[in-house]
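Report on the following structure.
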Amino acid sequence: CPESHAFSHVGEKLRFLLVFPGLKERNGVIDIIENCAEHCFSLKDIVIDPVLNEEIRLFEKAVVLFNRNELTEAKVIFERLSGSTFKYENHYAYSLYILPVIYHKLGDLRQASLAYDKLKATEIVEKAYFMQKIREIEFFRNQY
């Protein structure tokens, strides 16, 4: 701002460089918001914590493995993420939800029950959603 670019066709790309002073605090998230009257540019919730970024990348890798039905490999990563210190992040909540599902799919019903109990006892974001979703599987519906 005050300069602007009008795109001329679908798929057109614009490259630019943002320069700002270094950050003293290296954890959490930041927002970059252009302060102008119209057509403002903004990037929200940019994760700047390197440990959290690494966990998010691991989570994305585990999801790909899960979707490929490479359950044993996905399980190892989700197990690691279930010990995260970022208890209020989405990747942690999804990891706690998907672990009992993976154990169930692998036929390890004892581990599935233990992981389900951990999910049930936790205070994750959107817990009600995850509990409803996992109870769509008959095995977990019968758990108390």
Side-chain angles (χ1 to χ4, degrees), residues 1 4-5 7-36 38-144:
C1 211
S4 65
H5 175 81
F7 289 93
S8 61
H9 62 277
V10 173
E12 179 181 356
K13 296 179 182 179
L14 177 65
R15 292 181 182 259
F16 54 91
L17 176 67
L18 299 174
V19 180
F20 52 91
L23 301 169
K24 293 179 183 164
E25 194 63 40
R26 298 291 299 180
N27 49 10
V29 297
I30 62 170
D31 297 332
I32 299 174
I33 301 170
E34 181 181 33
N35 190 11
C36 62
E38 58 183 77
H39 308 297
C40 295
F41 173 86
S42 67
L43 295 171
K44 296 193 175 205
D45 296 327
I46 301 167
V47 176
I48 59 172
D49 185 310
V51 175
L52 179 54
N53 265 317
E54 174 63 21
E55 284 193 12
I56 292 169
R57 284 190 203 93
L58 274 174
F59 173 78
E60 290 169 348
K61 179 179 179 181
V63 169
V64 168
L65 291 168
F66 178 82
N67 287 333
R68 288 185 191 154
N69 208 33
E70 297 176 31
L71 300 178
T72 302
E73 296 83 357
K75 175 182 66 107
V76 171
I77 298 173
F78 284 122
E79 286 173 338
R80 177 176 169 191
L81 293 172
S82 74
S84 175
T85 59
F86 297 98
K87 306 289 187 203
Y88 298 103
E89 297 294 332
N90 289 329
H91 75 283
Y92 175 74
Y94 276 98
S95 295
L96 290 187
Y97 158 73
I98 205 69
L99 270 172
V101 174
I102 290 174
Y103 290 130
H104 180 261
K105 285 179 177 263
L106 291 172
D108 190 343
L109 302 183
R110 181 181 171 279
Q111 281 300 112
S113 289
L114 292 172
Y116 175 79
D117 289 342
K118 183 175 180 178
L119 172 64
K120 205 165 64 169
T122 192
E123 295 299 322
I124 58 171
V125 176
E126 301 293 331
K127 181 178 176 179
Y129 166 79
F130 288 112
M131 293 304 295
Q132 176 187 354
K133 192 78 178 144
I134 201 164
R135 287 185 178 136
E136 291 175 6
I137 300 170
E138 184 177 348
F139 175 78
F140 298 110
R141 251 192 327 268
N142 297 328
Q143 301 289 310
Y144 39 84

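For clarity, every value in this text was computed on a predicted model and none was experimentally measured.
When all heavy atoms of Val125 and Ala93 are compared, the pair lying nearest together is O-CB, 3.8 Å. Nearest heavy atom pair, residue Ile46 against residue Leu43, reads CD1-CB, 3.6 Å.
Rounding to the nearest 0.5 angstrom, the gap separating the CD1 atom in Ile102 from the CG atom in Asn69 is 10.0 Å. The structure places CD of Glu70 at 10.0 Å from NZ of Lys61, a figure rounded to the nearest 0.5 Å. Here the straight-line distance linking atom CD1 of Ile137 with atom CG of Asn142 works out to 12.0 Å at 0.5 Å rounding.
Using a 4.5 Å cut-off on side-chain heavy atoms (C-beta onward), Gln111 and Leu99 make no contact. Within the 4.5 Å cutoff, side-chain heavy atoms of Ile124 are placed close to those of Leu119.
Applying the 6.0 Å contact sphere to OH of Tyr94 captures no more than 12 heavy atoms from other residues, nucleotides or ligands. For Tyr88, the OH atom counts as loosely surrounded, since its 6.0 Å shell holds 12 or fewer non-hydrogen atoms of other residues, nucleotides or ligands. Other residues, nucleotides and ligands place no more than 12 heavy atoms under 6.0 Å from the NZ atom of Lys105. Other residues, nucleotides and ligands contribute more than 12 heavy atoms inside 6.0 Å of the CD atom of Glu54.
With sequence neighbours left out, Asp45 forms a side chain to side chain contact (heavy atoms under 4.5 Å, CB included) with Val29, Asp31. Every residue two or more places apart in sequence or in another chain that forms a side chain to side chain donor-acceptor pair (under 3.5 Å) with Ser113 is listed here: Gln143. For Glu136, the side chain to side chain contact (heavy atoms under 4.5 Å, CB included) test picks out Lys133, with sequence neighbours left out. Contacts of Thr85 classified as side chain to side chain contact (heavy atoms under 4.5 Å, CB included), with partners at least two apart in sequence or in another chain: none. Under the rule for a ring-ring contact (aromatic ring centres under 6.0 Å, His included), Phe66 has no partner lying at least two apart in sequence or in another chain. Scanning for ring-ring contact (aromatic ring centres under 6.0 Å, His included) contacts around Tyr92 gives an empty result, with sequence neighbours left out. Taking the ring-ring contact (aromatic ring centres under 6.0 Å, His included) definition, one finds that His91 meets it with nothing, sequence neighbours left out. Shown here are the ring-ring contact (aromatic ring centres under 6.0 Å, His included) partners of Phe139, two or more places apart in sequence or in another chain: His104.
A donor-acceptor pair is defined here as one N or O able to donate and one able to accept, closer than 3.5 Å; such a pair exists between the side chain of Arg141 and the backbone of Arg135.
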Which pairs would a plain distance check flag for residues 71-82, meaning a side-chain donor or acceptor within less than 3.5 Å of a matching protein atom at least two apart in sequence or in another chain?
{"residue": "Glu79", "atom": "OE2", "partner": "Tyr103", "partner atom": "OH", "Å": "2.4"}
{"residue": "Ser82", "atom": "OG", "partner": "Glu79", "partner atom": "O", "Å": "2.7"}

Using distance only, find each side-chain donor-acceptor pair of residues 9-19 under 3.5 Å and give its atom names and separation, not counting sequence neighbours.
{"residue": "Glu12", "atom": "OE1", "partner": "Ser8", "partner atom": "N", "Å": "2.6"}
{"residue": "Glu12", "atom": "OE1", "partner": "Ser8", "partner atom": "OG", "Å": "3.2"}
{"residue": "Glu12", "atom": "OE2", "partner": "His5", "partner atom": "NE2", "Å": "2.9"}

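Counting only residues at least two apart or in different chains, salt bridge (charged side-chain N to carboxylate O under 4.0 Å, His left out) contacts with residues 85-102 are absent.
Applying the ring-ring contact (aromatic ring centres under 6.0 Å, His included) test between Tyr97 and each of Phe130, Phe59, Phe140 identifies Phe130 as the sole match.
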